[in-house]
Amino acid sequence: NSRIAVVPGSFDPPTLGHLDVIRRAASLYDQLHVLVVHNPGKEAMLPIAQRLSLLEQSIEESDIEGDVVVASWSMGLLVDYATDVDAGVLVKGIRSQVDVAYETPMAIVNRHLAHVETVFLLPDPAHALVSSSLVRQVASLGGDVAPFVPPAVARFLDTGARDI
Ligand code: COD
């Protein structure tokens, strides 16, 4: 009875906050699916394929161990992917009351839709204030994003993602 979890997100781009959640979730479950999901509510900076490749590189270059699969999903409900891969749990990071308010209804709906539980991890205080939207803003204004993102993402944004 293996324990499989999905860590969904926009990852536009992946940040050190994301990596912290992935690292800790990987230590809790036998297999982790890090899933890039298109969020129709947000205007994207990077194409899905680019986010996938940055996530793969970032995880590979990190100290994250275990069975971690990186995939994307745009075919419908998030819980359909979870059901497909036999995952019973979604793992999400909670930075603030704003995240609680946003995530709570989705967690309840997802449990009703597919009996998939949502587990919330509190962030490492060192990364709690980091968000993809902050990184997008700093990058678009020409600032140094290295303190907030994995090295692979910093390298990528340094070499011209601002032109995308
Ligand atoms: N520290 C800790 N956690 C963090 C940090 C940080 N610094 N930064 C981000 N996180 C967490 C977020 O709270 C989130 O859990 C995850 O990392 C991903 O964050 P983002 O910003 O990349 O992704 P979001 O918030 O845009 O999430 C996109 C989803 C598509 C996953 C989300 O909208 C969702 O679950 N949608 C459900 C789609 C669906 O099936 N709907 C129907 C039923 S509700």
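Every number for a ligand or one of its atoms is a count from 1 in the order of the listing.
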Regarding ligand 1, does [X] bring an N or O atom to under 3.5 Å of one of the ligand's N or O atoms?
X	value
Y102	yes
S132	no
G93	yes
V130	yes
T15	no
F11	yes
N110	no
V79	no
H38	no

Under 3.5 Å: donor-acceptor pair, side chain of [X], backbone of [Y]:
X	Y	value
D30	R3	yes
S27	R24	yes
R51	P14	no
S10	D12	no
D20	D124	yes
T15	S131	no
R136	A44	no

Answer side chain, backbone, both or neither: which part of [X] comes under 4.0 Å from ligand 1, heavy atoms only.
X	value
V21	side chain
K92	both
D99	side chain

Heavy-atom contacts with [X] under 4.0 Å: which atoms of ligand 1 show up? List them by number with element.
X	result
H127	6 (C), 7 (N)
V37	30 (C)
P123	1 (N), 2 (C)
H18	9 (C), 17 (O), 18 (C), 19 (O), 20 (P), 22 (O)

task: Sequence neighbours left out, what passes side-chain hydrogen bond (donor to acceptor under 3.5 Å, both in side chains) with E61? Give chain and number order.
output: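 For E61 the side-chain hydrogen bond (donor to acceptor under 3.5 Å, both in side chains) partners, ignoring immediate neighbours, are R155.
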
Candidates I94, V98, V100 - the one meeting side chain to side chain contact (heavy atoms under 4.5 Å, CB included) with S96: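 With S96 as partner, I94, V98, V100 yield a single side chain to side chain contact (heavy atoms under 4.5 Å, CB included), made by V98.
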
message: Which residue and atom name correspond to the protein heavy atom nearest atom 25 (O) of ligand 1, and how close is it?
response: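 Of every protein heavy atom, K42 NZ, 3.8 Å lies nearest to atom 25 (O) of ligand 1.
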
task: Quick one: which residue pairs count as a side-chain hydrogen bond (donor to acceptor under 3.5 Å, both in side chains) with a foot in residues 72-89, not counting sequence neighbours?
output: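 The answer is H33-Y81.
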
- prompt: Which atoms form the tightest heavy-atom contact between P150 and L16, and what is the distance?
  reply: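 So the minimum-distance heavy-atom pair works out to N-CD2, 3.7 Å.
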
Heavy atom of protein inside 4.0 Å of atom 9 (C) of ligand 1, strictly below: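 It does: a protein heavy atom is found less than 4.0 Å away from atom 9 (C) of ligand 1.
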
